Amino acid sequence: MIIDGKKAAAELRSELKKKVDELKSKYNAVPGLTVILVGEDAPSKIYVRNKEKSAVEVGLNSEVIKYPADLEEKVLLDKIRELNNNEKVSGILVQLPLPKHINKRKVIETIAHGKDVDGFHPMNVGNLSSGYDSSIPCTPFGCSLLLKQVEKNLSGKHAVVIGRSNLNGKPMTQLLLKENCTVTITHSRTKDLKTECLRADIIIAAVGIPKLVKGDWIKKGAIVIDVGINKTDSGLVGDVDFDEVSKVAKAVTPVPGGVGPMTIACLLNNTIECFQKAQSK
Ligand code: GUN
């Protein structure tokens, strides 16, 4: 089975559009998402354009603020503080990576945690790891929704997460624990990755190495979610060797058309949730 992320994301967006319409009648206001892009990173420009397009499609107030790469850090922090105090803005996302002279940690910590649609603020990271209500980072959130389309009950499954980033691997681990999986976190220094993967019912590949996960790494019937987006001479490829793995796995996500579209749909979902929480305060 090939997991169709495009279709799942379209279904989620259509549910979210209905929700936005309901909120509009109830509060006479719609959720607003502000995305900040600093510099000229080419993939970031594409991601931001797609986020804006999807936000408009579901009826959110969408704003993109673009700054040059030599932006002074203080200007960015002051803009974030202004957005924190603007009640029309429900969610704030600062696209990463940022230019080197800007302190990423300071930026993330300046975003009000109630408007942190990325779930990167330490308050949200802590709440997620304690099992409390929090914004959930969009990519792992999307992965968990795709997983649950294949298998409703993940309890007791052995999941292997490849990659330990704050964006993907670590929050993914927390979500899998919440589903009662047994989780092994692996990374670039793991000694025998193939053996670890062969024990997995679920593999989440989020390490940024093209076609790392091979067909003979997969236990029969495993579910494989590919978070990788790697630019190669033969085009965009994931961290999973799709041709080999799709012959063995029970289900696998393609790249593109797997996790990517779900990430954006989950961002819209998080924006709506931030709006609802702000309204109920
Ligand atoms: N750059 C790549 N992925 C992401 C993401 O999920 N959020 C932000 N803010 N930047 C990113």
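In this chain, numbering begins with 1 at the start of the sequence shown. It should be emphasised that the depicted structure is a prediction, and the values quoted were computed from it without experimental measurement. Ligands are counted one by one from 1 in listed order, and the atoms in each one are counted from 1 as well.
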Please report, to 0.1 Å, the donor-acceptor pairs under 3.5 Å made by any side chain of residues 20-46, with sequence neighbours excluded.
from  : atom 1 : to    : atom 2 : distance (Å)
Ser25 : OG     : Asp21 : O      : 3.0
Thr34 : OG1    : Glu63 : OE1    : 2.8
Glu40 : OE1    : Lys45 : NZ     : 2.5
Asp41 : OD2    : Ser44 : N      : 3.2
Asp41 : OD2    : Ser44 : OG     : 2.6

Ser54: partners by side-chain contact (heavy atoms from CB on, under 4.5 Å), with sequence neighbours left out: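 Residues passing side-chain contact (heavy atoms from CB on, under 4.5 Å) with Ser54: Arg13, Ile264, Leu268.
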Side-chain H-bond candidate by donor/acceptor type, Asp239 with Asn230, under 3.5 Å: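 Per modelled atom types, Asp239 and Asn230 side chains form a pair under 3.5 Å.
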Distance-only polar pair, side chains of Thr139 and Thr263, donor-acceptor under 3.5 Å: yes
Can you list, pair by pair, the side-chain donor-acceptor contacts under 3.5 Å of residues 75-83, counting residues two or more places apart and other chains?
from  : atom 1 : to    : atom 2 : distance (Å)
Asp78 : OD1    : Arg81 : NH1    : 3.0
Asp78 : OD2    : Lys74 : NZ     : 2.7
Lys79 : NZ     : Glu82 : OE2    : 3.2

Every residue of the protein that comes under 4.0 Å of ligand 1, judged on heavy atoms: Leu93, Val94, Gln95, Leu96, Asp118, Phe120, Leu167
Min side-chain heavy-atom separation Cys274-Ser135 under 4.5 Å: yes
